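Report on the following structure.
All of these numbers come straight from a predicted model, not from anything done at the bench.
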Amino acid sequence: MDTGLVEQAQRGNREAFGLLAVPLGDRLFRVAHRILRDADLAADATQQALVSIWRDLPQLRDPARFDAWSYRLLARACYAEGRHERRWAPSLHVMSTDDPIGTVDGTSLVIDRDQLERATRRLSIDHRTVVVLHYYLDLALAEISELLGVPIGTVRSRLRYAMRGLRAALDADARPAQEAIR
């Protein structure tokens, strides 16, 4: 992160903020999408976070902490959007046919990804947030605690329950449908 750009943006330089916002917006969107599991909600949360970043940037004390501070504002925006969560609609992505995958490996990869997606959707937004911050952004539990403004014990608890929920959901999906009927 270029702290010089952050400092210029803090003084109201829109061009400097634009140079920060473009790559930052992409990163924020990817994190928001992993938390909210919906592209439209993630786009709304990202936009809200960027607006908050611009508005609150003059109050940032340490420009070197810009990234962590930005993720904190994104987490708040994700929580706000998660409260207004819409009904799930499938999100279809066109896959490239230029790089053919073996049918067995490709099919199992899609099935695994689909099962993980369904299991993740069953988690609360609090649990998904901790999982994404820890496993996707590779943040330490202490960093997540600081970022979310909750005790580290709460972060550990949320991560433990999230992982337990993911395992239970994956196990339930793995059982044959006939066993569920019995």
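- Legend: ring-ring contact (aromatic ring centres under 6.0 Å, His included) pairs involving residues 152-174, not counting sequence neighbours: none detected.
- Every residue two or more places apart in sequence or in another chain that forms a side chain to side chain contact (heavy atoms under 4.5 Å, CB included) with Tyr135 is listed here: Val131, Leu159, Met163.
- Between the side chain of Arg121 and the backbone N or O of Arg37 there is at least one donor-acceptor pair closer than 3.5 Å.
- Under a hydrophobic clustering in which Ile, Leu, Val, Met, Phe, Trp and Tyr are joined whenever their side-chain heavy atoms come within less than 4.5 Å, directly or via other members, Val51 and Leu73 fall into different clusters.
- With Trp69 as reference, Ile53 is the one residue of Leu74, Leu147, Ile53 to meet the side-chain contact (heavy atoms from CB on, under 4.5 Å) rule.
- Closest approach of Leu28 and Ser70 over heavy atoms only: CD2-O, 4.2 Å.
- His33 places no side-chain N or O within donor-acceptor distance of the main-chain N or O of Ala42, the cut-off being under 3.5 Å.
- Both Tyr71 and Leu139 belong to a single network of hydrophobic side chains, linked directly or stepwise wherever heavy atoms of I, L, V, M, F, W or Y lie under 4.5 Å apart.
- Each salt bridge (charged side-chain N to carboxylate O under 4.0 Å, His left out) pair with one or both residues in residues 51-64, not counting sequence neighbours, would appear here, but there are none.
- No side-chain heavy atom of Gln115 sits under 4.5 Å from any side-chain heavy atom of Leu166.
- By the salt bridge (Lys or Arg N to Asp or Glu O under 4.0 Å) test, Glu146 is found to be paired with Arg65, residues two or more places apart in sequence or in another chain being considered.
- Scanning for side chain to side chain contact (heavy atoms under 4.5 Å, CB included) contacts around Ala9 gives Ala16, Phe17, Leu20, Leu57, with sequence neighbours left out.
- A donor-acceptor pair under 3.5 Å is formed between the side chain of Gln10 and the backbone N or O of Leu60.
- Side-chain contact between Thr120 and Leu116 is present, with at least one heavy-atom pair separated by less than 4.5 Å.
- Although no hydrogens or angles enter the test, the distance criterion places no donor-acceptor pair under 3.5 Å between the side chain of Ser157 and the main chain of Gly153.
- Here the side chain of Arg128 pairs a donor or acceptor atom with the backbone of Leu123 at under 3.5 angstrom.
- Not counting sequence neighbours, Gln47 has no partner by the side chain to side chain contact (heavy atoms under 4.5 Å, CB included) test.
- Here the CG-CG distance, from Asp40 to Asp44, works out to 7.0 Å after rounding to the nearest 0.5 Å.
- Taking CG of Asp126 as the reference point, atom CZ of Arg158 lies at 4.0 Å (rounded to 0.5 Å).
- Shown here is Gln59, whose CD atom has more than 12 heavy atoms of other residues, nucleotides or ligands within 6.0 Å.
- Shown here are the side-chain hydrogen bond (donor to acceptor under 3.5 Å, both in side chains) partners of Ser124, two or more places apart in sequence or in another chain: His127.
- Looking at heavy atoms from C-beta onward, Leu19 lies out of side-chain contact with Asp2 at the 4.5 angstrom threshold.
- Arg122 meets the salt bridge (Lys or Arg N to Asp or Glu O under 4.0 Å) test with Asp173; sequence neighbours excluded.
- Under the 4.5 Å side-chain contact rule for hydrophobic residues, Phe66 and Phe29 do not share a cluster.
- Glu143 places a side-chain N or O within 3.5 Å of a backbone atom of Ala140 that can act as its donor or acceptor partner.
- In the hydrophobic clustering of this structure, Leu24 groups with Ile35; members are Ile, Leu, Val, Met, Phe, Trp, Tyr whose side-chain heavy atoms approach within less than 4.5 Å, directly or through other members.
- Pairs engaging residues 163-172 under the salt bridge (charged side-chain N to carboxylate O under 4.0 Å, His left out) rule: none recorded [sequence neighbours left out].
- For Ala45 against Ala77, the heavy-atom pair with the smallest separation is O-CB, 3.4 Å.
- No donor-acceptor pair closer than 3.5 Å links the side chain of Arg34 to the backbone N or O of Val132.
- The closest side-chain heavy-atom distance from Val31 to Thr46 is not below 4.5 Å.
- Under the 3.5 Å distance criterion, the side-chain polar atoms of Thr154 are left unmatched by any main-chain donor or acceptor of Val150.
- Note: Tyr136 OH to Thr129 OG1 = 14.0 Å, rounded to the nearest 0.5 Å.
- Annotation: side chain to side chain contact (heavy atoms under 4.5 Å, CB included) contacts of Ile152 (sequence neighbours excluded): Leu141, Ala142, Ser145, Arg156.
- Residue pairs meeting the salt bridge (charged side-chain N to carboxylate O under 4.0 Å, His left out) criterion with at least one member in residues 70-79: none, sequence neighbours excluded.
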